[in-house]
Number of protein chains: 2
Amino acid sequence: MSELRGSTHAKRAAYDLRQRIVKGELPGGTRLYEVALAEELEISRTPVREAMSRLAEEGLLERARGGGFVVRSFTYGDVIDAIELRGVLEGTALRLAAEAGAPDDKIKQIKGLIAKIDAGFDTDGAPPNLEQYSGLNSEFHDDIAALCPSSIVRSELERVKSLPFASPSAFVFRRRESKAMEQSIIIAQAQHRAMVEAIERREGARAEALAREHARIARQNLEQKTLDPEELDPALALIVD
Amino acid sequence: MSELRGSTHAKRAAYDLRQRIVKGELPGGTRLYEVALAEELEISRTPVREAMSRLAEEGLLERARGGGFVVRSFTYGDVIDAIELRGVLEGTALRLAAEAGAPDDKIKQIKGLIAKIDAGFDTDGAPPNLEQYSGLNSEFHDDIAALCPSSIVRSELERVKSLPFASPSAFVFRRRESKAMEQSIIIAQAQHRAMVEAIERREGARAEALAREHARIARQNLEQKTLDPEELDPALALIVD
DNA sequence: ACGCCCGCCGATGTATACATTGCGATGTAT
DNA sequence: ATACATCGCAATGTATACATCGGCGGGCGT
């Protein structure tokens, strides 16, 4: 088996298959055969089935008619739609958080996180650390989602974010020279601040609208990247169309 | 095995377990043991695992830490949230349908369906058939969701609707004498008409708002039913709180 | 009495043999 | 040549034996 992660064969196999799918090695529509995979991974069919089952729960595989699994196909349009959907669900989560009210200490903590992101760009000449930004940005999105009082909404949002191209930091820029990147992050941070403020002031509709618009940054980055042949994002590897 | 539905042991077991869960025989939090279930259903552990895996995909079971499955717990608040979420997703589906435009023949067909629902209440004295209404109402909701151009949004909406208490006809009234029921259906039909009109006129925001408000009928019916001890809805059997 | 360790037991994890099904290839009859 | 029946293979479905892990309790040492 090629990966060591996880404690059981099933988990390792799931990890392995997940990697192959998001890297595009297993394109959408590919039928997965238990026997072939079992031989390839040098395990028996049982953990392979278990692994495929887990990936089906994640939405990366679909159960085929007559049994078996197929790698789910995602078109470019699906990526756009998934980002839009993430915006809608984050918007709902924030609206509910605003309507219910959020504890001051959590708000304070999130404001600290925003400041920390700012600090990463106050480097005056030194190139900003985009890896760090990506991580902190994900953390921010997780934190504001946690403010939502509805576990149902939280879990459905989590589910959509688990799609590799729908996560909040899927399409952050890679090339630090980019002027567009700098602007994009300035705008994003302004929206981050506004979202927290809206929740704080219990302005539900505003929080919802901001979250939706905020998700469109990802869409914009994606569309720009698609035009630039040097910026092929690994998160797009599993796109069929 | 107690049920004949389905062609394989795994599908039968899944059907069987699903029934028991939604009927409340297996309350939220119940740990499911492979061996016990296998003996009970007189099949081996393999199809039992397969069945549990499918139910986890549906969201009725959760994988427990250290392996195994637990019946997912739903509180009364979760039911409210799921209805709200259904409204949000239907709203998004309708907004996208309105923005993209929907073919005339589909619109025409849905208008016919609305008229058919009306006809069921033009009985002048004869009691309306609530079973029929429930079915036609579900059909209407399926049909308008089908207008949504995004398969991602469609499938997530479908997923939420599969929760037994979040389906569009989960809380239609049962007692035909109810005056509130009559009014509720008059309002619902007006909203149905308005939603189709909004899509037709490409009024995305209006379609979205209508869908959200429309879902609140279910919430209203639920809250009213909860107050009435004679109206215990079977869809509520699996609620823990 | 307290605590540690060891071994059992019950649970899931895994391998594997066998059953079954669905589909395609091959053949024959018309 | 075409239609249809049949055979066979390859795939998943199923049963079951064995492996492994983790928790719990009892026994022993201090």
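Each chain gets a letter, A, B and so on, in the order the sequences are listed, and its residues count up from 1.
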**Request:** Only pairs at least two apart or in different chains count here, so list each ring pair (Phe, Tyr, Trp, His ring centres under 6.0 Å) that has a residue in residues 131-154 of chain A.
**Result:** A/F121-A/Y133, A/F140-A/H192, A/H141-A/H192, A/H141-A/H214
**Message:** Show me the pairs that pass salt bridge (Lys or Arg N to Asp or Glu O under 4.0 Å) and involve residues 143-152 of chain B, at least two apart or across chains.
**Reply:** none
**Message:** Side chains of A/I199 and A/I110, heavy atoms from C-beta outward: is any pair under 4.5 Å?
**Reply:** no
Can you name the atoms? Protein N/O to nucleotides 9-12 of chain C N/O, anything below 3.5 Å, with the distance.
{"from": "C/dT12", "atom 1": "OP2", "to": "B/E34", "atom 2": "N", "distance (Å)": "3.4"}

**Request:** Could you say whether A/E50 or A/R65 is positioned toward the 5' end of DNA chain C, judged by the nucleotide with the nearest heavy atom to each?
**Result:** A/E50
**Asked** Is there any salt bridge (Lys or Arg N to Asp or Glu O under 4.0 Å) pair reaching into residues 97-109 of chain B, and which pairs are they, with sequence neighbours excluded?
**Response** B/R95-B/E99
**Item:** Distance, rounded to the nearest Å, where A/E42 contributes CD and C/dA15 contributes P
**Value:** 11 Å
**Stepwise side chain to side chain contact (heavy atoms under 4.5 Å, CB included) check, B/L32 with B/L26** = CA-CA 9 Å; B/L32 297 183; B/L26 295 172; 4.2 Å; yes
**Test side chain to side chain contact (heavy atoms under 4.5 Å, CB included) applied to A/E50 and B/R49, step by step** = CA-CA 9 Å; A/E50 173 71 14; B/R49 282 172 79 117; 3.8 Å; yes
**Prompt:** Can you check the A/L41 CG to C/dG13 P distance for me, whole Å?
**Reply:** 18 Å
**Request:** Please check the phosphate of D/dA15 (OP1 and OP2 only) for any side-chain N or O of B/S44 closer than 4.0 Å.
**Result:** yes
**Prompt:** At under 4.0 Å, does any side-chain N or O of A/H9 touch on OP1 or OP2 of D/dT20?
**Reply:** no
**Message:** Apply side chain to side chain contact (heavy atoms under 4.5 Å, CB included) to residues B/Y15 and B/Q19 and explain how you reach the verdict.
**Reply:** CA-CA 6 Å; B/Y15 178 85; B/Q19 291 299 104; 3.9 Å; yes
Under 3.5 Å, which donor-acceptor pairs do the side chains of residues 152-161 of chain A form with other protein atoms, sequence neighbours left out?
{"from": "A/R154", "atom 1": "NH1", "to": "A/C148", "atom 2": "O", "distance (Å)": "2.6"}
{"from": "A/S155", "atom 1": "OG", "to": "A/S151", "atom 2": "O", "distance (Å)": "3.3"}
{"from": "A/S155", "atom 1": "OG", "to": "A/I152", "atom 2": "O", "distance (Å)": "3.0"}
{"from": "A/E156", "atom 1": "OE1", "to": "B/R159", "atom 2": "NE", "distance (Å)": "3.3"}
{"from": "A/R159", "atom 1": "NE", "to": "B/E156", "atom 2": "OE1", "distance (Å)": "3.3"}
{"from": "A/R159", "atom 1": "NH1", "to": "A/E57", "atom 2": "O", "distance (Å)": "2.9"}
{"from": "A/K161", "atom 1": "NZ", "to": "A/D142", "atom 2": "OD1", "distance (Å)": "2.9"}

**Fill in**
When pairs are called at under 3.5 Å and a stem needs at least three consecutive Watson-Crick or G-U pairs, the stems of DNA chain C are C:1-30 with D:1-30
